[in-house]
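Down below is the structure, laid out as structure tokens.
All residue numbers refer to positions in the sequence shown, counting from 1.
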Amino acid sequence: MSLPQKQSSETYEVTYDESRQELSKNGEVIIRNPHLNGLSSDVLYHLAISTDTHDLPALFGDVKFVCVGGTLKRMKQFAEYMAKELDIQFDGKDWTAASFRYSMFKVGPVLSVTHGMGISSLSILMHEIIKLVYYAKCKNVVFLRIGTSGGIGVEPGTVVITDKAVDGLLRPYYELYILGKVVRRPSICNKELVEELKSIAAQEIKDFPTISGTTMCTLDFYESQARLDGAFCDLTAQQKIDFLNKLKDANVVNIEMEAITFASMCHYTGIQGAIICVTLVNRLLGDQVSANKDYLYQLQTRPQILAAKLIKKRLALYKSQNI
Ligand code: URA
């Protein structure tokens, strides 16, 4: 493992590590935590699952896809949809019900899991779900975030495949504070998966627009996304539009609240991960997400359609290769 490079007295940058990619070619998740070896059992607290109480290889060893999204309604609906697509009976069981935090459904090789809103909520889920697939000895697992976003200059309903994830300062990092220092981990998106999704979308999706581009990930929905309609606001309308135009010039096509963390955590553990989000509003034209709920719900199924196509294609490939 390469040590973080110290950039200043305050900032450490964890650089791209080739060995990580080498290891991940075995198909296994890379756990970079020697302390876990010293645990007699590991409690995945927010999932209400533990290595003591659950036989993880037996229960989850066949998992090949972990699909995450914000809400229970969306992820349960995705599980039902995948059950139909894969011709599997959906049992409706929420594997993490006892946690009262997240919800997790299993449909054959697919997990459909809620991550709540924002980086903090997503990061907790990612730590525990990555450990779950590690303990379960899953191989060649693909992670997909299927979510919603605000669009920059694109028609609402457009599906965006993120090819670059940046923070609110347009930097391609997930930055966090550890031991009182700033640690930056690159939020690199998996090129192979992005290309595969783009090609599936180009060939098989005709009913709605699908594009790829840069996704900006912010710490909140209102002020960091230059909205003027929060409980308070210190921005002028001109400042807002100037900022959104600056984003457009930087090829940002959508804004959401999880991409840098998701991309960075997948990359750091050698997991192929991709972010697919539908846009609910064109932020150049307004702030409020005001379309009716049924229509918005219908839009939220669009990333699921692309995800399902990828899953089915990969499963057919794995079958042909006996993986
Ligand atoms: N999610 C966001 O983070 N922003 C939006 O504008 C819409 C959904």
In the structure I gave you, are the side-chain heavy atoms of Val66 and Ile271 within less than 4.5 Å of one another anywhere? no
Pairwise side-chain contact, Lys93 with Lys106, heavy-atom cut-off 4.5 Å (strictly under): no
OH of Tyr318: more than 12 outside heavy atoms within 6.0 angstrom? yes
Could Arg185 and Glu175 be called an ion pair, given the rule that one side-chain N must be under 4.0 Å from one carboxylate O? no
Report yes if the side chains of Phe60 and Val133 come closer than 4.5 Å at any heavy-atom pair, otherwise no. no
The side chain to side chain donor-acceptor pair (under 3.5 Å) partners of Thr71 (sequence neighbours excluded) come to none
Any side-chain heavy-atom pair from Asp42 and Lys131 closer than 4.5 angstrom? yes
More than 12 heavy atoms of other residues, nucleotides or ligands under 6.0 Å from NE2 of His54: yes or no? yes
Is any side-chain N of the basic residue among Lys198 and Glu195 closer than 4.0 Å to the acidic one's carboxylate O? yes
For a 4.5 angstrom cut-off between non-hydrogen side-chain atoms, does Leu56 reach Tyr134? no
Exceeds 12 heavy-atom contacts within 6.0 angstrom, atom NZ of Lys240: yes
So for atom CG, which belongs to Asn292, do other residues, nucleotides or ligands contribute more than 12 heavy atoms lying within a distance under 6.0 Å? yes
Is it the case that Asn254 and Thr279 place a side-chain donor and acceptor less than 3.5 Å from each other? no
Would you mind checking if Lys246 and Asp242 are paired as a salt bridge, meaning a charged N to carboxylate O distance below 4.0 Å? no
Determine, for Glu28 against Lys137, whether the closest basic-nitrogen to carboxylate-oxygen distance falls under 4.0 angstrom. no
Apply the side chain to side chain donor-acceptor pair (under 3.5 Å) test between Gln304 and each candidate in Lys309, Gln77, Arg74; give the one that qualifies. Gln77
I'd like to check Gln225 versus Glu256 (side-chain heavy atoms, cut-off strictly below 4.5 Å). Are they in contact? no
Does Asp234 have more than 12 heavy atoms from other residues, nucleotides or ligands lying within 6.0 Å of its CG? no
Could you check whether any side-chain heavy atom of Val29 comes within less than 4.5 Å of a side-chain heavy atom of Cys138, counting everything from C-beta outward? no
Any side-chain heavy-atom pair of Leu47 and Ser99 under 4.5 Å: no
Are there over 12 heavy-atom neighbours, none belonging to Gln321, within less than 6.0 Å of that residue's CD? yes
Neighbour count >12 (heavy atoms, 6.0 Å) for atom CD1, Ile241: yes
Looking at Phe65, I'd like to know if the NZ or CZ of Arg314 sits under 6.0 Å from its six-membered ring centre while staying within 45 degrees of the ring's axis. no
Within the supplied structure, the quantity of interest is the number of heavy atoms (other residues, nucleotides, ligands) at a distance under 6.0 Å from Lys206 NZ; does it exceed 12? yes
Should the ring pair Phe262 and Phe143 be called parallel, tilted or perpendicular, given that the plane angle runs from 0 to 90° and is split at 30 and 60? tilted
